[in-house]
Amino acid sequence: MLIIAGSLRVEPDARDAYLAESAQVIAQARATAGCLDFLLAADPLDPGRIHVYERWESAEQLAAFRGSGPSDQQEAEILDADVQRYLISGVEAP
């Protein structure tokens, strides 16, 4: 299992539009084989920050989906990104 997590930075006045445009990508990801969760969400305190959270069964399934990333317009709106890939070797209850 792997997790992709971090944040994107966009202009504060463009964040809501960016997230609205991302709804189709989120739905597409969630319907993809191997996607356990996929979310882009507004930070409640920072108006220019978007949280990224993805959980995938395998790197191969993630790679198969990656061709469906953000549109060129959305890519241009990202001012900065701090997103990491975490490989998970085990899962247990909190």
Side-chain angles (χ1 to χ4, degrees):
M1 179 186 304
L2 61 135
I3 293 174
I4 307 295
S7 63
L8 306 176
R9 182 151 301 282
V10 298
E11 290 293 340
D13 60 347
R15 183 180 71 182
D16 290 344
Y18 185 97
L19 289 170
E21 292 169 13
S22 298
Q24 182 179 2
V25 172
I26 294 168
Q28 204 174 9
R30 290 179 179 179
T32 299
C35 180
L36 301 171
D37 200 2
F38 193 103
L39 177 67
L40 298 174
D43 186 285
L45 301 178
D46 184 339
R49 187 173 184 202
I50 297 171
H51 294 279
V52 175
Y53 179 79
E54 304 175 33
R55 196 163 46 103
W56 293 88
E57 288 180 3
S58 73
E60 294 78 21
Q61 290 165 317
L62 170 62
F65 170 74
R66 273 296 172 236
S68 315
S71 68
D72 291 341
Q73 178 185 345
Q74 282 185 308
E75 189 77 34
E77 292 180 44
I78 298 172
L79 303 175
D80 192 25
D82 180 17
V83 180
Q84 304 297 321
R85 177 176 158 166
Y86 300 89
L87 302 174
I88 308 303
S89 61
V91 177
E92 56 188 52

Peer 1: Mind jotting down which residue pairs meet the salt bridge (Lys or Arg N to Asp or Glu O under 4.0 Å) criterion with at least one end in residues 43-56? Sequence neighbours excluded, please.
Peer 2: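 Passing the test, one end in residues 43-56: Arg9-Asp46, Asp43-Arg49, Glu54-Arg66.
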Peer 1: For residues 33-52, which residue pairs pass the ring-ring contact (aromatic ring centres under 6.0 Å, His included) check, not counting sequence neighbours?
Peer 2: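 Found Phe38-Phe65.
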Peer 1: Give me the atom names and distance for the closest heavy-atom approach of Leu8 to Ala81.
Peer 2: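 Of all heavy-atom pairs spanning Leu8 and Ala81, the closest is CD2-CB, 3.7 Å.
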Peer 1: What residues form a side-chain contact (heavy atoms from CB on, under 4.5 Å) with Ala27, not counting sequence neighbours?
Peer 2: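 So Ala27 forms no side-chain contact (heavy atoms from CB on, under 4.5 Å) with any residue.
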Peer 1: Can you see which heavy atom on Ile26 is nearest to which on Leu40, and at what distance?
Peer 2: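 The pair with the smallest heavy-atom distance is CD1-N, 4.0 Å.
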Peer 1: Atom CG of Leu39 and atom CD1 of Ile50: how far apart are they, to the nearest 0.5 Å?
Peer 2: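 If we round to the nearest 0.5 Å, Leu39:CG and Ile50:CD1 are 11.0 Å apart.
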Peer 1: Without placing hydrogens or testing angles, list every side-chain donor-acceptor pair under 3.5 Å for residues 85-94, not counting sequence neighbours.
Peer 2:
none

Peer 1: Please identify each residue that fulfils side-chain hydrogen bond (donor to acceptor under 3.5 Å, both in side chains) with Asp82, with sequence neighbours left out.
Peer 2: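 If we apply the side-chain hydrogen bond (donor to acceptor under 3.5 Å, both in side chains) test to Asp82, skipping adjacent residues, the hits are Gln84.
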Peer 1: Do Met1 and Leu62 share a hydrophobic cluster, counting only Ile, Leu, Val, Met, Phe, Trp and Tyr and linking them when any side-chain heavy atoms are less than 4.5 Å apart?
Peer 2: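 Not linked; separate clusters.
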Peer 1: Which heavy atom of Leu36 sits nearest to which heavy atom of Trp56, and what is that distance?
Peer 2: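 Residues Leu36 and Trp56, closest heavy atoms: CD1-C, 4.2 Å.
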Peer 1: Is it the case that one hydrophobic cluster holds both Val25 and Ile78, taking links as side-chain heavy atoms less than 4.5 Å apart, direct or via other members?
Peer 2: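 Looking at the clustering, Ile78 is in the same group as Val25.
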Peer 1: Can you name the side-chain hydrogen bond (donor to acceptor under 3.5 Å, both in side chains) partners of Arg15, sequence neighbours left out?
Peer 2: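 With neighbours one apart ignored, the set is empty.
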Peer 1: Between Ala59 and Leu2, which heavy-atom pair has the shortest distance, and what is it?
Peer 2: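 Nearest pair, atom of Ala59 first, then Leu2: N-CD2, 3.2 Å.
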Peer 1: Which pair of non-hydrogen atoms, one from Ala29 and one from Cys35, has the smallest distance, and what is that distance?
Peer 2: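 Closest heavy-atom pair between Ala29 and Cys35: O-CB, 3.0 Å.
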Peer 1: What residues, two or more places apart in sequence or in another chain, satisfy side-chain hydrogen bond (donor to acceptor under 3.5 Å, both in side chains) together with Gln61?
Peer 2: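 Ser58.
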